[in-house]
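What follows is one structure encoded as structure tokens, with my remarks underneath.
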Amino acid sequence: MDKEIISGGEALMRSLIKEGVDTVFGYPGGSIMPVFDAMYDHREDFRQVLVRHEQGAVHAAQGYARSSGKVGLCIVTSGPGATNTLTGISDAMLDSTPIVVIAGQVGTTVLGTDAFQEIDFVGITQPITKWSYQIRRPEDVAWAVARAFYIAGTGRPGPVVLDFTKNAQTAMVEYETAIVDCVRSYIPYPKPSATAIEEAARLINAAQRPFMLVGQGVELGNAQEELRIFAEKADIPVARTLLGLSALPSDHPLCTGMLGMHGNYGPNVNTNECDLLIAVGMRFSDRVTGNINTYAKQAKVIHIDIDNAEINKNVAVDVPIVGDCKEVLPMITELVANGNHKEWIESFFEYNRIEHERVIEKALNPGEGPLLMGEVARKVSEATGNRAILVTDVGQNQMMSARYFKYSEPRSILTSGGLGTMGYGLPAAIGAKMAMPHRTVCLFTGDGGMQMNIQELGTIMEQGVAVKMILLNNNYLGNVRQWQELFFNHRYSFTPMLNPDYSLIAQGYGIASRLVIEREELDDAIREMLECDGPFLLHVAVKEEANVMPMTPPGATVCDMIFE
């Protein structure tokens with residue numbers, strides 16, 4: 001039987017369908033036009049989403065990927081179209097988000113001539129991707145796509161770039177599918193050491209004050225249930241990183257809160273009181289450890305991670321276990337004894353009481369004065385039954401919503417952790433809602449971050465994406481202002497903001513909105529937002545010079561938190 005002869009652009013479409021792609025975030029241009037022309041004939045095969053900026057395309061693909069567990073995809077043109085994706089690709093690399101970015105490129109005959117909109121995209125992206133490859137022949141399309149999706153979605157996930165020359169898009173090829181299920185020298189799921197598993201179990205059984213730190217790796221590995229079973233059997237308190245907050249439900253009795261600079265007091269203090277630290281799928285970020293020279297020096301450390309590069313990178317480890325936490329946790333669970341650490345777990349209660357009295361009660365029940373970010377976040381969470389996906393931008397809105405939202409389902413927080421990308425929130429929320437249409441998606445953003453990618457309101461308008469946007473407006477770049485207040489003698493350089501009328505902007509995009517200034521209006525406004533069938537912008541005027549507390553000052557020991 002003769003093989004079908006098709007263009008390289010059509011070969012890409014067939015390959016994407018084979019990979020199970022159902023949504024494409026894209027922005028066309030000259031060097032990728034043959035691909036978009038081929039896509040015109042596949043309108044029934046996948047949802048084609050025209051974003052308003054290429055950065056928005058990558059963040060939307062990230063939101064799609066992190067909420068669904070699938071590989072996200074965006075397609076852009078060459079030159080500025082390609083370079084506009086760099087922030088999103090970097091963000092995906094640092095936060096281990098599986099995406100594939102396909103960029104157009106000039107034809108091979110003019111490569112290296114500084115042709116119109118030519119840029120060395122492979123060279124630029126090699127340091128910030130798991131794999132970056134230039135397709136120069138249509139014969140390589142099927143193989144390159146299969147390899148790209150395999151690398152992006154396996155092991156420690158991450159971004160992959162395909163640079164697609166124009167002649168490879170237009171030339172004809174005898175198409176046949178390709179399957180890639182292994183890559184030489186790439187071992188996505190290393191076999192954990194049986195000796196290390198046994199040593200870990202021995203340390204856990206001997207520990208009097210074991211403490212588990214859980215990161216996004218548990219979510220990426222779909223090991224939430226394995227985590228719960230292990231923690232309950234060994235009776236070990238659990239703290240979570242910002243990206244791992246929904247790996248264990250907020251109301252689980254072993255859940256002690258969030259780690260880090262703006263985390264909860266008890267977990268941070270007891271990091272330096274435990275005798276055994278068990279890190280699962282987390283990378284010991286500086287925002288978690290504080291001063292590394294004073295971090296958990298009293299404790300033995302077990303580190304479980306799928307990426308060997310993270311072991312002993314920041315914190316010296318006594319028992320390294322390189323492997324998939326979904327496989328490793330049951331192996332350890334089988335060997336550990338039924339634990340009883342009642343007194344140790346209760347030691348968190350007094351710290352919780354102090355934090356509740358000095359910070360949380362004031363944040364949630366201020367009584368009078370301007371609205372606070374924390375009370376808005378908690379009310380929205382409770383109004384959704386604590387079952388919504390929280391998407392945040394970056395800044396005070398991020399920390400306050402993460403702290404006061406509650407999580408009952410996996411994959412329920414999407415935020416920019418490693419790169420801290422303002423502008424991430426709005427397009428990421430679009431991607432999350434498109435991936436998970438049955439779930440409520442609540443975006444919390446500040447007035448600064450909202451304007452970074454505000455053009456994506458056009459994508460919401462066109463696609464009818466029912467994202468619930470909560471804009472916490474304090475007329476400042478709030479996080480920077482907080483640091484200026486605390487460490488730069490109140491010198492508010494470049495942080496006050498003169499803002500537009502967001503209700504008029506929403507109206508221009510045909511998006512329902514409501515401005516809330518008084519506390520008495522908040523409950524009704526939240527109800528109106530959640531009952532709205534389509535997208536909704538809830539614009540909340542919050543206290544201008546409020547701070548996120550508690551806080552570990554930069555360079556301080558993790559447990560030396562300030563409360564005001």
Is the backbone N or O of [Y] less than 3.5 Å from a side-chain atom of [X], with the two atoms forming a donor-acceptor pair by type?
X	Y	answer
Lys468	Gly534	yes
Asn314	Arg283	yes
Asp447	Asn475	yes
Ser7	Glu10	yes
Asp393	Gly425	yes
Lys18	Ala146	no
Ser90	Gly88	no
Asn453	Glu456	no
Lys326	Asn222	yes

Legend entry - Partners passing ring pair (Phe, Tyr, Trp, His ring centres under 6.0 Å) against His262 (at least two apart in sequence or in another chain):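 Partners of His262 under the ring pair (Phe, Tyr, Trp, His ring centres under 6.0 Å) test: none.
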Inset, instruction - Kindly write out the residues that satisfy ring pair (Phe, Tyr, Trp, His ring centres under 6.0 Å) with Phe164, not counting sequence neighbours, or none if the list is empty. - result: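 Scan of Phe164 (ring pair (Phe, Tyr, Trp, His ring centres under 6.0 Å), adjacent residues dropped) gives none.
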Legend entry - Aromatic ring pairing Tyr133/Trp131, orientation class (parallel under 30°, perpendicular over 60°, tilted between):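 It falls in the parallel class, under 30°.
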Inset, instruction - Report the residue from Arg66, Arg240, Arg411, Gln224 that forms a side-chain hydrogen bond (donor to acceptor under 3.5 Å, both in side chains) with Glu219. - result: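 So, applying the side-chain hydrogen bond (donor to acceptor under 3.5 Å, both in side chains) to Glu219 and each of Arg66, Arg240, Arg411, Gln224, only Gln224 qualifies.
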Legend entry - Six-ring centre of Tyr40, Arg43 cation under 6.0 angstrom, axis tolerance 45°: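 Cation-pi check for Arg43 and Tyr40: passes.
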Measuring from atom [atom1] of [X] to atom [atom2] of [Y], what distance do you get when rounded to the nearest 0.5 angstrom?
X	Y	atom1	atom2	result
Gln463	Phe25	CD	CZ	8.5 Å
Leu73	Ile99	CG	CD1	9.5 Å
Phe405	Cys442	CZ	SG	4.5 Å
Leu12	Ile75	CG	CD1	5.5 Å
Tyr27	His53	OH	NE2	8.5 Å
Leu213	His303	CG	NE2	9.0 Å

Legend entry - With Glu310 via side-chain hydrogen bond (donor to acceptor under 3.5 Å, both in side chains) - residues at least two apart: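 Glu310 satisfies side-chain hydrogen bond (donor to acceptor under 3.5 Å, both in side chains) with Arg156, Lys313 only.
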Legend entry - Test side-chain hydrogen bond (donor to acceptor under 3.5 Å, both in side chains) applied to Gln48 - qualifying residues, sequence neighbours left out: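 Partners of Gln48 under the side-chain hydrogen bond (donor to acceptor under 3.5 Å, both in side chains) test: none.
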Inset, instruction - Using the salt bridge (Lys or Arg N to Asp or Glu O under 4.0 Å) rule, collect all pairs that involve residues 104-122, keeping only residues at least two apart or in two chains. - result: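 Of all non-adjacent pairs touching residues 104-122, none passes salt bridge (Lys or Arg N to Asp or Glu O under 4.0 Å).
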Legend entry - With Glu54 via salt bridge (Lys or Arg N to Asp or Glu O under 4.0 Å) - residues at least two apart: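 Applying salt bridge (Lys or Arg N to Asp or Glu O under 4.0 Å) to Glu54 gives none.
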Legend entry - Identified side chain to side chain contact (heavy atoms under 4.5 Å, CB included) counterpart of Val322 within the set Pro192, Pro190, Ser193: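 In the set Pro192, Pro190, Ser193, the residue that makes a side chain to side chain contact (heavy atoms under 4.5 Å, CB included) with Val322 is Pro190.
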